[in-house]
A.B. asks: 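Please find one structure pasted underneath; my questions will follow.
As the structure lists them, so they are numbered: ligands from 1, and atoms in each ligand from 1. All values reported here derive from a predicted model rather than from experimental measurement.
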Amino acid sequence: MTLPVQTTEATPTRPTSGPTTAQAHLFHDGTVEEYRQAVAAGTDRVARRVAEATGPCTGVRPDQLLPLVDAIDLDRPLRDTTAALDELDEVYLRDAVYFHHPRYLAHLNCPVVIPALLGEAVLSAVNSSLDTWDQSAGGTLIERRLIDWTAGRIGLGPAADGVFTSGGTQSNLHALLLAREEALAGATPTDRRILLPQLRIITSAAGHFSVQKAAKLLGLAPDAVVVVQTGPDRRMRAGAVRHEIGRCRRAGLTVLAVVATAGTTDFGTIDPLDEIAEVCTTSGVWLHVDAAYGCGLLVSPTRRHLLAGIERADSVTVDYHKSFFQPVSSSAVLVRDRRTLRHATWHADYLNPARSVAERIPNQVDKSLQTTRRFDALKLWLTLRVMGPDAVGELFDEVCDRAAQAWELLAADPRFEVLTRSALSTVVFRWRPAGTPADLADAANLHARAELAASGLAVVAGTKVDGRHYLKFTVLNPATTAADVAYVLDLIAEHAGRYAHTHAVPAALTCPVG
Ligand SMILES: *Cc1c(COP(=O)(O)O)cnc(C)c1O
């Protein structure tokens, strides 16, 4: 009879002396109570701030906060969690910009769902790194399931794959790297040097600037991004894409990818994906769909059809931290053909040696531009497991409905002009009662936006359209009501009107005197 192995005897005993002071701050089996208390204390501070917020921000200026931050001596610790939280409240929490507030209407920042916050707390405490199986185990499998789930929602087919990234900027860079390598497939090093400056990317004037950045990082020519002008509907026309592909080819250039946008950052418009996919298929060009904003439609119970054609993409960017109500960071790049991911693979002997592929060990670093990588997927996982996809989609539907209401309000209001109606949750408009000179309107809108932020009552975004200053609502909070929107419009009209009143040049004075 064999005796059970006495594992306790084999385990090295811990030193009998107590932990050092520094070790008391490490998270381990002896400090779980400190961990619970510290995290609960931090959660409590945030909860209090969110509960008490009367506006999305306090309008604090850099010159007010800077002295407070500068005065802190980082080499003299407070040695007390409560004191550190008190200090943090002064330099950060009190004046932070709260996207949870219904009058935060500015950028593509969403309020976040509680299951994802729970995920965030778990993932940073366990601190898995998703580069290799031996640093993550189940984390790798969870990420893979979510990639498969997202690819399934898009309809990319059985060979699809992808990986989580830090954001849409990285997802776009990653996709365009793969597209560049596909375009250069089989080229010798000499060929590559000749071909690289001849590569082009076609996108629209409403596409995201990260495409330009990616082109720069990918070593392409300064004029590598061919920008197609959009019509008044702010969508890229398939005919224009076809035209540009032809023009590039006649000039001896190679189009490595067309980037269509499903949810432009400024207008929330969706390019005609199916028509553009048709052009890309017939001309054999890689289609990347930047759905950083529009990806929420993948779970929308009523609007999924707006993404029709996305299933024909070669690669897709999704930002769960834009329209899935996830905390930053949470994004992914998806590809139709998993083999293309090999262009980001590098085998390091210490990490993911080539033999691990033969041994079928799932090492996500083989697919990623990053090495050490957060387990961001856990946030989406818990969101889906607690709420389910329909509930997330309903939230996104609500903000799209709210933006449509805001558009109606603006269209009926003689104080304002409103641009293109968004498919998503963006409204671009400006204060300009009839007869207001364009330059004065520009200045008045800029002024109103700044005053609004300084008051802390609301935050709206601004943008330039055809050289003129406009204001922008990006509605991502289902708690924002039509009354909130109407209130903010009144505030804008008040600030802009007062500015215009004091700065208007009386017509008589503009005539040359004498
Ligand atoms: C926000 C956005 C990006 C960039 O995503 P980040 O997560 O901010 O890096 C790219 N494309 C579009 C259309 C976006 O709206």
Side-chain angles (χ1 to χ4, degrees), residues 97 99 104-112 116 120 150 154 162-177 179 201-218 225 227-228 230 234-236 257-273 276 287-298 306-307 310 313 315-334 368-370 373-374 376-377 379-380 396 399-400 403 420 422-428 461-463 472-476:
V97 180
F99 306 146
Y104 180 84
L105 296 165
H107 302 287
L108 273 164
N109 309 109
C110 52
V112 290
E120 187 74 61
T150 307
I154 297 171
V163 72
F164 272 67
T165 72
S166 61
T169 303
Q170 191 190 351
S171 296
N172 284 345
L173 170 66
H174 194 150
L176 291 170
L177 165 75
I201 297 168
I202 296 174
T203 192
S204 93
H208 195 260
F209 72 86
S210 55
V211 173
Q212 300 278 356
K213 261 196 188 177
K216 197 167 180 176
L217 286 164
L218 291 170
V225 180
V227 175
V228 175
T230 55
R234 314 283 162 188
R235 299 165 83 215
M236 184 160 72
V258 168
V259 179
T261 313
T264 57
T265 314
D266 258 355
F267 301 103
T269 48
I270 300 172
D271 289 338
L273 303 177
I276 293 169
L287 172 62
H288 176 65
V289 175
D290 179 356
Y293 179 11
C295 60
L297 297 177
L298 292 172
L306 294 175
L307 290 178
I310 194 171
S315 56
V316 178
T317 286
V318 296
D319 257 3
Y320 307 107
H321 64 214
K322 295 259 180 77
S323 50
F324 274 68
F325 305 93
Q326 299 292 296
V328 179
S329 57
S330 184
S331 175
V333 60
L334 291 305
S368 176
L369 300 185
Q370 294 167 259
R373 191 160 54 83
R374 288 166 58 82
D376 285 318
K379 296 179 279 191
L380 180 60
F396 194 55
V399 297
C400 294
T420 327
S422 162
L424 303 177
S425 63
T426 304
V427 193
V428 181
T463 192
K472 181 170 80 162
F473 290 154
T474 311
V475 187
L476 278 176

A.B. asks: Provide the closest heavy-atom pair for Leu424 versus Gly263 in the form atom of the first, atom of the second, distance.
C.D. replies: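 Nearest heavy atoms, Leu424 then Gly263: CD1-CA, 3.4 Å.
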A.B. asks: Considering both backbone and side-chain atoms of Asp290, is one of its nitrogen or oxygen atoms within less than 3.5 Å of a nitrogen or oxygen in ligand 1?
C.D. replies: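 There is such a contact, yes.
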A.B. asks: Got the closest protein heavy atom to atom 9 (O) of ligand 1, with its distance?
C.D. replies: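 Of the protein heavy atoms, Thr169 OG1, 2.6 Å lies nearest.
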A.B. asks: Using distance alone, decide if ligand 1 has a nitrogen or oxygen within less than 3.5 Å of any nitrogen or oxygen in His321.
C.D. replies: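 Yes; at least one N/O pair falls below 3.5 Å.
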A.B. asks: Give the contacting part of Thr264 toward ligand 1: side chain, backbone, both or neither, where contact means a heavy-atom distance below 4.0 Å.
C.D. replies: neither
A.B. asks: Testing Thr261, Thr165, Asp290, Asn172 one by one against Thr317 for a side chain to side chain donor-acceptor pair (under 3.5 Å), which residue passes?
C.D. replies: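 It is Asn172; the other options fail the test.
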A.B. asks: Has Lys213 got a side-chain atom pairing as donor or acceptor with Thr169's backbone, closer than 3.5 angstrom?
C.D. replies: no
A.B. asks: So which of His107, Lys213, Lys322 gets nearest to atom 8 (O) of ligand 1, if we judge by its closest heavy atom?
C.D. replies: Lys322
A.B. asks: Any donor-acceptor pair under 3.5 Å linking the side chain of Ser204 with the backbone of Thr230?
C.D. replies: no
A.B. asks: ring-ring contact (aromatic ring centres under 6.0 Å, His included) with Phe473: which residues, sequence neighbours excluded?
C.D. replies: Phe429
A.B. asks: Under 3.5 Å, is there a donor-acceptor pair linking the side chains of His288 and Ser315?
C.D. replies: yes
A.B. asks: Among Thr150, Leu307, Ile310, exactly one meets side-chain contact (heavy atoms from CB on, under 4.5 Å) together with Val316. Which residue is that?
C.D. replies: Ile310
A.B. asks: Decide whether Thr474 and Tyr293 meet the rule of one side-chain donor and one side-chain acceptor closer than 3.5 Å.
C.D. replies: no
A.B. asks: Check ligand 1 against Leu108 and write out every atom of the ligand that is under 4.0 Å from a heavy-atom position of the residue.
C.D. replies: 15 (O)
A.B. asks: Are Gly263 and ligand 1 in contact, using a heavy-atom cut-off of under 4.0 Å?
C.D. replies: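 Yes, Gly263 has a heavy atom closer than 4.0 Å to ligand 1.
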A.B. asks: Could you tell me, atom by atom, which parts of ligand 1 come under 4.0 Å of a heavy atom of Gly168?
C.D. replies: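 So the answer, numbered in order with elements, is 4 (C), 5 (O), 6 (P), 7 (O), 9 (O).
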A.B. asks: Asp319 heavy atoms, cut-off 4.0 Å: which ligand 1 atoms fall inside?
C.D. replies: 5 (O), 6 (P), 7 (O)
A.B. asks: Can you tell me if Gln170 contacts ligand 1 (heavy atom of the residue under 4.0 Å from the ligand)?
C.D. replies: no
A.B. asks: Need the ligand 1 atom indices (1-based, order shown) with element for anything under 4.0 Å from a heavy-atom of Thr265.
C.D. replies: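 So the answer, numbered in order with elements, is 12 (C), 13 (C), 14 (C), 15 (O).
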